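Okay, so here's the structure we're looking at.
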Protein chains: 2
Amino acid sequence: MVTQSVYADPLSVTFSALSHPVRRDMLRQLRTGKVTVKELAEPHEMSAPAITKHLKVLENAKLITRSQDAQWRFSEIHVSPLIEVANWVDEYKILWNERLDRLEVYVEKLTKGDKNTQ
Amino acid sequence: MVTQSVYADPLSVTFSALSHPVRRDMLRQLRTGKVTVKELAEPHEMSAPAITKHLKVLENAKLITRSQDAQWRFSEIHVSPLIEVANWVDEYKILWNERLDRLEVYVEKLTKGDKNTQ
DNA sequence: ACAATATTTAACCAATAAGTTAATTAACTA
DNA sequence: TAGTTAATTAACTTATTGGTTAAATATTGT
């Protein structure tokens, strides 16, 4: 991966942030709404500072925004980088459709001889 | 990112491989078909060994398959990890649709007063 | 004021990523 | 066979990642 420094392009920063299962789990948890650090930490056997670091990576990638209420810090999912990922991968969908098409043609050829037995 | 070792889960390996702009450029080049290492290297100001390394990362992530003809090694794109990415991000589409819906409702409210002037 | 709770910061460490140069391997060509 | 081209391997360097523990900060409740 490319460094997560300020010099990395946004899509690289996004993919890099998504490349850790703990961070993907966190995003999954955030689909239901605002969540505290403690709640995000709960499913993971990991120290609190490690959780803070993962949150910073997500925040730096603009995948979450954060807010504070008393001693609780809430994280909220921010979808626009995910939309960029969807747009990026969309450009490859033509490829797998082409391949499926070729596969269909192939299957058709294979089964042609059996046409009347179906 | 999680280590690209054999212990990392496939989706983490995929996202990690996609987190470098040079590797994404390579995949883009491969959309048109099989390409040699030299052709993949051409657009990038980077040593040959660096290109080899990027190709290994893509191969390890099963984003490409490789073949050989004389002194040329060809890379070919392999779509299934990309399908997994598309499936993963699909689970978040509901979120941005929800947000768009809320936005629409909001816009509707804002413009309601002007209904007869439109 | 004091203890408890929530979270972050600082300092450190080991492993990995991403690049380099130099050397090597492999295949073609004159 | 010697030279050229294509690509990889080896060895090394630097920066980053992802984790730790210990200490600090901030807020609430008694």
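Chain letters run A, B, ... following the sequence lines, proteins first and then strands; every chain starts at 1. Note that the structure is predicted; figures quoted are calculated from it, not measured.
Across all non-hydrogen atoms, the minimal contact from Ile64(B) to Leu55(B) is CD1-O, 3.6 Å.
In the region residues 42-51 of chain A, proximity to DNA chain D at under 4.0 angstrom, judged on heavy atoms, holds for Met46(A), Ser47(A), Pro49(A), Ala50(A).
With sequence neighbours left out, the salt bridge (charged side-chain N to carboxylate O under 4.0 Å, His left out) criterion links Asp90(B) to Lys93(B). Qualifying salt bridge (charged side-chain N to carboxylate O under 4.0 Å, His left out) partners for Arg24(A), counting only residues two or more places apart in sequence or in other chains: Asp9(B). Shown here are the side chain to side chain donor-acceptor pair (under 3.5 Å) partners of Arg66(B), two or more places apart in sequence or in another chain: there are none. For Gln29(A), the side chain to side chain donor-acceptor pair (under 3.5 Å) criterion is met by no residue, not counting sequence neighbours. Not counting sequence neighbours, Glu59(B) has no partner by the salt bridge (charged side-chain N to carboxylate O under 4.0 Å, His left out) test.
Listed for the Gln68(B) side chain is a donor-acceptor partner under 3.5 Å among the backbone atoms of Ala70(B).
Per the geometry, CG belonging to Leu40(A) stands 12 Å off C1' belonging to dT7(C), to the nearest Å. When the P atom of dA7(D) is taken as reference, atom CG of Leu58(B) falls 15 Å away, rounded to whole Å. In this structure, CD1 of Ile64(A) is placed 13 Å from C1' of dT7(C), rounded to the nearest angstrom. In this structure, Asn60(B) atom CG and dA17(C) atom C1' are separated by 13 Å, rounded to whole Å. If you measure from atom CZ of Arg66(A) to atom P of dT7(C), you get 9 Å, rounded to the nearest angstrom. Taking atom NE2 on His20(B) and atom P on dA15(D), their separation rounds to 16 Å, with Å as the unit. Counting to the nearest Å, the P atom of dT17(D) and the OH atom of Tyr7(B) are 23 Å from each other. Atoms NZ (Lys56(B)) and P (dT16(C)) sit 17 Å apart, rounded to a whole Å.
Under 4.0 angstrom from either OP1 or OP2 of dT8(C) there lies no side-chain N or O belonging to Lys53(A). Between His54(B) and dA17(C), a side-chain N or O to OP1/OP2 separation shorter than 4.0 Å is absent.
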What protein N or O atoms touch nucleotides 3-6 of chain D N or O atoms at under 3.5 angstrom, if any, and at what distances?
from   : atom 1 : to       : atom 2 : distance (Å)
dA6(D) : OP2    : Lys38(B) : NZ     : 3.3
dA6(D) : O3'    : Gln71(B) : O      : 3.4

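Sorted by first and then second residue, the ring pair (Phe, Tyr, Trp, His ring centres under 6.0 Å) pairs involving residues 34-53 of chain A (not counting sequence neighbours) form an empty list. Applying the side-chain hydrogen bond (donor to acceptor under 3.5 Å, both in side chains) rule to pairs touching residues 45-57 of chain B yields Arg23(B)-His54(B), sequence neighbours excluded.
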